[in-house]
Amino acid sequence: MSRTYGNFIDGEWTDSQSGETFEVTNPAAADEVVSVHPASSEADVEAALDAAVAAQDEWASTPGPSRGAILREAGNNLEARKEEATEVLVREEGKTRSEAGGEVQRAIDIFHYYGAKARDFGGTVKSASAPGKDLYTKHEPLGTVALITPWNYPIAIPVWKLAPALAAGNTVVLKPASEAPAVVSIVLECLDDAGLPAGVANTITGSGSEVGGPLIESERIDGVSFTGSTAVGTMVAETAAVDLKRVQCEMGGKNPTVVMPSADIEDAAETVGVGAFGTTGQSCTATSRAIVHEDVYDEFVAAVSDYADSLVVGDGLDDSDMGPHVSENELSSTLEYIDIGASEGATLEAGGSRLSGDDYDDGYFVEPTVFSGVENDARIAQEEIFGPVLAVVKADSFEDALDLANDVDYGLSASIVTQDLSEGKRFVNEVEAGVAKINEKTTGLELHVPFGGYKDSSTNTYREQGDAGLDFFSSVKTIYENY
Ligand code: NAD
């Protein structure tokens, strides 16, 4: 069964002005249309901007506690619709029911978190240098902001931008990714039902260039928060910089886990396996390189290959261990990287093929794949694959492992598995990554801590989540009052 969604502009669900639409199909059963959405264009962007700009002053002057109450209520509404949102997410994006349920819960928690934070949004009083003088700062909203989001966390990422933007008093135009836009419509319905005034949050679907392009170029936009690939994000940052808009881009990763001889190798293999194959490897923080000390290399390769072989791949609705790729394009890209890995001389230890037969033929299923004998300058060790492919690289010492971990253009998340505290501490201090962990997988981050990358993983301007989320969406005014 398929549902038709609209753009949400000025508190109304509308078709695109051209009347054009596009379909989203189920990655586990590609002939099943799960939803239909407006294929919007610049005219729709302008309509959304009219609404967002008109709503700005009133929303900015709405007291923080009142803004927060609406966010909390939106969280409650989403909680009441958790099962429905989870199913929509699985059917459009393909992740497993457990993964999708966790992601919807994350969105609920973010609404509740920023609902509370909206009360504290204000500023700081500083000591003045003379009597009869008050000196303090005041946080003000940026104005109207553009949010552009990817398909791989199609509810959590929109909400971790929307909630702080609204808490800080901004109005919003959101463009979700076309692969998985339906679950965002549920979020907008929850905000609407919670009493969000018309025009404060607007969402438009359509192609990146036809909707995202005009949005980031518009002079009526005061800030751009983008998550997606480094190629598109670099272009977004350059465009936004032309008229000095505030911009943050969080982008790709090539995240390593270092495994040292003191580690329990079975545990290390599970840590790496969950990081590499969870969400079908389609996480920006997915573990795509295991950098393993030579003393435990063979043992680790055998253990992580067994782990990969043990996973049941299937439809996310059946809550298999690993779902399909989101699209035929993503599947083709992963299969191409598997060919590249083999042609570069790496040894295929597990997986390596598209799954076929029975229900597999209808979807974009690929085996969890492990390559050993990978040189760190190989393409499969340097480029973001965004699929369930792990490259295992050999290191001859801790220093070598650290150098290999840093010898990549990306710098999003990194971890080490070791029982040696000195190694662990040196690793988190010296690794070039925005998230560094000891004895934990590279994926996953709690909602109240800053999230963002180093190097080509981020513009490194502002972090997302936690207090940092509010920093991006506000300007600080310094105020002197003499009396
Ligand atoms: P993408 O860059 O293809 O698309 C991201 C968004 O940008 C989509 O909404 C798309 O429609 C839009 N877009 C495309 N072209 C545009 C243009 N010319 N102007 C404006 N907007 C445009 O990324 P994707 O395939 O949706 O997502 C996967 C990527 O996202 C991976 O590289 C992954 O690492 C990254 N990602 C990063 C994080 C993070 O926090 N660092 C989190 C999740 C995903």
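Whatever order the structure lists them in is the order used to number ligands and atoms, beginning at 1. None of the values given here were measured: they were computed from a predicted structure.
In this model, no donor atom of one side chain and acceptor atom of the other lie less than 3.5 Å apart for Lys245 and Thr239. Between the side chains of Gln282 and His325, at least one donor N or O sits under 3.5 Å from an acceptor N or O.
Below 3.5 Å of separation, one finds an N or O of Lys175 facing an N or O of ligand 1. Of the polar atoms of Ser207, none of the N or O atoms is found under 3.5 Å from an N or O of ligand 1, judged by distance alone. For ligand 1, one of its N or O atoms has an N or O atom of Trp151 under 3.5 Å away.
Taking a 4.0 Å cut-off on heavy atoms, Tyr153 fails to register as neighbouring ligand 1. Contact between Ser178 and ligand 1 is absent, with no heavy atom of the residue lying under 4.0 Å from the ligand. Ligand 1 has Ile157 within reach: a non-hydrogen atom of the residue lies less than 4.0 Å from it.
With His37 as the fixed residue, the ring-ring contact (aromatic ring centres under 6.0 Å, His included) test singles out one of Trp13, Phe22, Phe8: Phe22. Of the listed residues (Thr459, Val247, Thr149, Val236), just one forms a side-chain contact (heavy atoms from CB on, under 4.5 Å) with Phe226, and that residue is Val236.
Minimum heavy-atom separation, Val36 to Ser2: CG2-OG, 4.1 Å.
Contacts between Glu464 and ligand 1 below 4.0 angstrom, taking non-hydrogen atoms only, are absent altogether. Contacts between Asn152 and ligand 1 below 4.0 angstrom, taking non-hydrogen atoms only, involve the side chain exclusively. Here Thr285 has no heavy atoms under 4.0 Å from ligand 1, in either its backbone or its side chain. Heavy atoms of Val211 found under 4.0 angstrom from ligand 1: none, in either backbone or side chain. If you look at Phe451 next to ligand 1, the close heavy atoms, those under 4.0 Å, all belong to the side chain. Only side-chain heavy atoms of Val232 come within less than 4.0 Å of ligand 1; its backbone N, CA, C and O stay farther off. Residue Met251 touches ligand 1 through its backbone alone, judged by heavy-atom distances below 4.0 Å.
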Between Ser372 and Glu349, is the side chain to side chain donor-acceptor pair (under 3.5 Å) condition met? List the steps. CA-CA 7 Å; Ser372 67; Glu349 301 280 356; 2.6 Å; yes
With side chain to side chain donor-acceptor pair (under 3.5 Å) as the criterion, how do Thr171 and Thr144 come out once you've worked through the C-alpha distance, each side chain's angles and the decisive distance to 0.1 Å? CA-CA 5 Å; Thr171 58; Thr144 296; 2.9 Å; yes
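A perpendicular orientation is assigned to the rings of Trp151 and Phe386, their planes being inclined by more than 60° (bins at 30° and 60°). Using the six-membered ring where Trp is involved, Tyr307 and Phe277 have ring planes that are parallel, under 30° apart on the 30 and 60° scheme.
In the vicinity of Gly212, heavy-atom distances shorter than 4.0 Å reach the ligand 1 atoms 19 (N), 20 (C), 21 (N).
With atom 27 (O) of ligand 1 as the reference point, the heavy atom nearest to it among Ser413, Pro150, Gly252, Pro176 is part of Pro150.
For atom 4 (O) of ligand 1, the protein comes within 4.0 Å by no heavy atom at all.
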